[in-house]
Number of protein chains: 2
Amino acid sequence: MARVLLVDDDPAILEVLRIYLSREGHTLLEASDGEQALALAAQADVLILDLMLPKRSGWEVAQILRLEQPDLPILMLTARGEEQDRLQGLDLGAEDYVVKPFSPREVVARVRVLLRRRGLRDHLRFGDLELRPKKRLAYLGGEPLSLSKLEFNLLLTLAQHPGLVWSRERLLERVWGSDYPGIDRVVDVHMVALRKKLGDDAENPRYLETVRGVGYRFKEEG
Amino acid sequence: MARVLLVDDDPAILEVLRIYLSREGHTLLEASDGEQALALAAQADVLILDLMLPKRSGWEVAQILRLEQPDLPILMLTARGEEQDRLQGLDLGAEDYVVKPFSPREVVARVRVLLRRRGLRDHLRFGDLELRPKKRLAYLGGEPLSLSKLEFNLLLTLAQHPGLVWSRERLLERVWGSDYPGIDRVVDVHMVALRKKLGDDAENPRYLETVRGVGYRFKEEG
DNA sequence: GCTGCCTTTCACTCAATCTTCACGACCCTC
DNA sequence: GAGGGTCGTGAAGATTGAGTGAAAGGCAGC
């Protein structure tokens, strides 16, 4: 199914969730402190995150990942009575939380919901175009495309949400990083480069569509 | 913000949530049994649903709405110890739940998350006309419509509140921005353009209705 | 330090879009 | 049925937004 990164400093919790989650068909990654969590996060499809952690709190981890991997769904494990934290967590962008002590079956159910919501895939294909996020490779008609890091990220971001319109601002935030100081016309320039490499025409695009006054979108099939 | 349908048979709960949710800027619809809930659901952007209800249980309601309005996010209110119910609720497709006794702030936060996730409803349909806010796409009889940014925003604003009359002033405020310096007849001009694209006739409109002396409204179904 | 790629800014152009205006039709009141 | 207000609508002009080429700055590897 999916790769689940499980972060808790309590071995008992790790163990019980490991059993339930692997029974569900997931591959498990495990970490017992914030640093390890960050190191492994890039490989995960879902993150189950305890709030109280050595080295870095679950919060910090969530906050950092929010920027690095905004699409990574996070299920937070909180102790009862940490309502304040829970609220902040939700506002921070965590997708969901469970209160300890929890039933493992509930965690499994929530993970299922998170995954269903995201429709995660490791292999994107749109007609002639093929993307492999993991390997950071792109093919056009079977031929490998030579894309710069930025170009790949930009294309991937758009392609992972076909049809969805992205403002330049949101793209800057997502692809360039939230603190990017430059002007938003960079996006246009890279769009031109991408279109050139994809053989796409701005007037009549197959893949990268301009939404005037709003931003860009990856064209939906059909 | 959004229209929240609040369903509970306990007046105290209705009241406290009414206060918090309207403070958050939402418009409230209220029901105290399952029948009323079903009757009002069509108008809602989010549903907050108690499980224990007269006439029809929250479950039944959820199950029915799942089919009728699969896009309507549901936040279920469950009593503690109903874990069984909770799991079934999630599998049923409810988006989320909160356990009583809950903090109203938490409910507000969860509603916010649900709305953010949905983009406040991702799919509007009125007969032949279909709108997808997030994708900024509009279809008429299955054919994509080419709308300018302004036209789309205008149409969306009206369509998100069928039957509601908007004065030109309010439309300017909402669609053009609150500090718009121009004259309000612009609205008329864009209305003409929209009607043309929608194949609508000012005399006898299917969608965009003039309310003489007041403003415009999106015609309600039927 | 040089080379070559990658990224960013800038300037120019063209096209899409928005706004205003003007005119006429219609409606309501007196 | 006259007059004032309201709305529909076409057209002209003003404005904005995006495509794009070129140049300059950065950076990594040699």
Side-chain angles (χ1 to χ4, degrees), chain A residues 136 138 144-155 157-158 165-177 179-219, chain B residues 136 138 144-158 165-177 179-217 219:
Chain A
R136 303 191 62 80
L145 278 177
S146 156
L147 301 180
S148 76
K149 175 182 164 193
L150 199 55
E151 286 162 0
F152 189 85
N153 289 344
L154 184 55
L155 179 57
T157 298
L158 292 164
V165 182
W166 292 74
S167 69
R168 291 174 175 71
E169 214 173 53
R170 289 228 303 139
L171 284 172
L172 285 181
E173 210 172 284
R174 169 85 173 240
V175 177
W176 276 257
D179 49 351
Y180 181 75
I183 60 176
D184 60 4
R185 295 300 307 277
V186 227
V187 177
D188 300 41
V189 176
H190 288 282
M191 226 51 149
V192 169
L194 265 179
R195 279 175 172 154
K196 194 169 283 175
K197 291 184 180 180
L198 294 177
D200 224 6
D201 174 22
E203 300 293 315
N204 196 6
R206 262 186 312 168
Y207 304 115
L208 301 175
E209 200 171 3
T210 302
V211 182
R212 187 170 225 275
V214 187
Y216 294 94
R217 85 170 132 224
F218 194 92
K219 214 169 169 180
Chain B
R136 299 190 67 84
L145 280 177
S146 159
L147 301 180
S148 77
K149 174 185 170 183
L150 203 54
E151 287 162 0
F152 190 86
N153 291 345
L154 184 55
L155 179 57
L156 184 59
T157 298
L158 292 164
V165 183
W166 292 74
S167 69
R168 291 174 175 72
E169 211 172 53
R170 288 232 304 139
L171 283 172
L172 285 180
E173 212 171 281
R174 170 89 172 236
V175 177
W176 275 257
D179 50 350
Y180 181 75
I183 59 177
D184 61 4
R185 295 299 308 279
V186 236
V187 177
D188 300 42
V189 175
H190 287 283
M191 229 49 165
V192 169
L194 264 180
R195 281 174 172 155
K196 192 170 284 175
K197 292 184 180 179
L198 294 177
D200 224 6
D201 174 22
E203 300 295 313
N204 194 7
R206 261 187 312 169
Y207 304 115
L208 301 174
E209 202 170 2
T210 302
V211 182
R212 196 184 166 78
V214 188
Y216 295 95
R217 85 169 135 220
K219 217 170 168 180

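Chain letters run A, B, ... following the sequence lines, proteins first, then strands; residues in each count from 1. These values consider heavy atoms only, across backbone and side chains, with no hydrogens, waters or symmetry-generated copies.
At the phosphate of dT7(C), OP1 or OP2 sits under 4.0 Å from a side-chain N or O atom of S148(A). For dC18(C), the OP1/OP2 oxygens have no side-chain nitrogen or oxygen of W176(B) closer than 4.0 Å. Of the side-chain N and O atoms in Y180(A), one or more sit less than 4.0 angstrom from OP1 or OP2 of dT8(C). Checking the phosphate oxygens (OP1, OP2) of dG17(D), no side-chain nitrogen or oxygen of Y216(A) falls inside 4.0 Å. Close to dG17(D), at under 4.0 Å from its OP1 or OP2, lies no side-chain N or O of T210(A). Residue R195(B) has a polar side-chain atom (N or O) positioned under 4.0 Å from OP1 or OP2 of dG8(D).
Judged purely by atom type and a 3.5 angstrom limit, K219(B) uses its side chain to pair as donor or acceptor with the backbone of P205(B).
When rounded to the nearest whole Å, the span between NZ of K196(B) and P of dT9(D) equals 8 Å. Spacing between atom CZ of R168(A) and atom P of dT9(C) amounts to 14 Å, rounded to whole angstrom units. Here dT20(D) presents its P atom at 15 Å from NE2 of H190(A), a figure rounded to the nearest Å. Between the CG atom of L150(B) and the P atom of dT19(C) there is a distance of 6 Å, rounded to whole Å. For the pair I183(A) CD1 and dA18(D) P, the computed distance is 13 Å after rounding to whole Å. Atom NZ in K197(A) sits roughly 15 Å away from atom P in dT20(D) (whole-Å rounding). The CG-C1' distance, from L194(B) to dG8(D), rounds to 14 Å in whole Å. Here dA16(C) presents its P atom at 13 Å from CG of N204(A), a figure rounded to the nearest Å.
Taking the side chain of V192(B) as heavy atoms from C-beta on, and the options dT9(D), dT8(C), dG19(D), the nearest nucleotide is dT9(D).
When D188(A), L194(A), L208(A) are each tested for a side chain to side chain contact (heavy atoms under 4.5 Å, CB included) with Y216(A), only one passes: D188(A). Among R195(B), R217(B), E203(B), the one residue that satisfies the side-chain hydrogen bond (donor to acceptor under 3.5 Å, both in side chains) test with T210(B) is R195(B).
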Exercise for review: For side-chain contact (heavy atoms from CB on, under 4.5 Å), just list the numbers for N153(A) and R136(A), CA-CA rounded to whole Å, side-chain angles, deciding distance to a tenth of an Å, and then say yes or no.
Suggested key: CA-CA 9 Å; N153(A) 289 344; R136(A) 303 191 62 80; 2.6 Å; yes

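Between E203(B) and V189(A), the one whose closest nucleotide on DNA chain C sits nearer the 5' end is V189(A).
Nearest heavy-atom pair, A138(A) versus L147(A), reported as atom, atom and distance to 0.1 Å: CB-CD1, 3.8 Å.
When heavy atoms are screened at a 4.0 angstrom cut-off, R185(A) is found touching base atoms of the nucleic acid.
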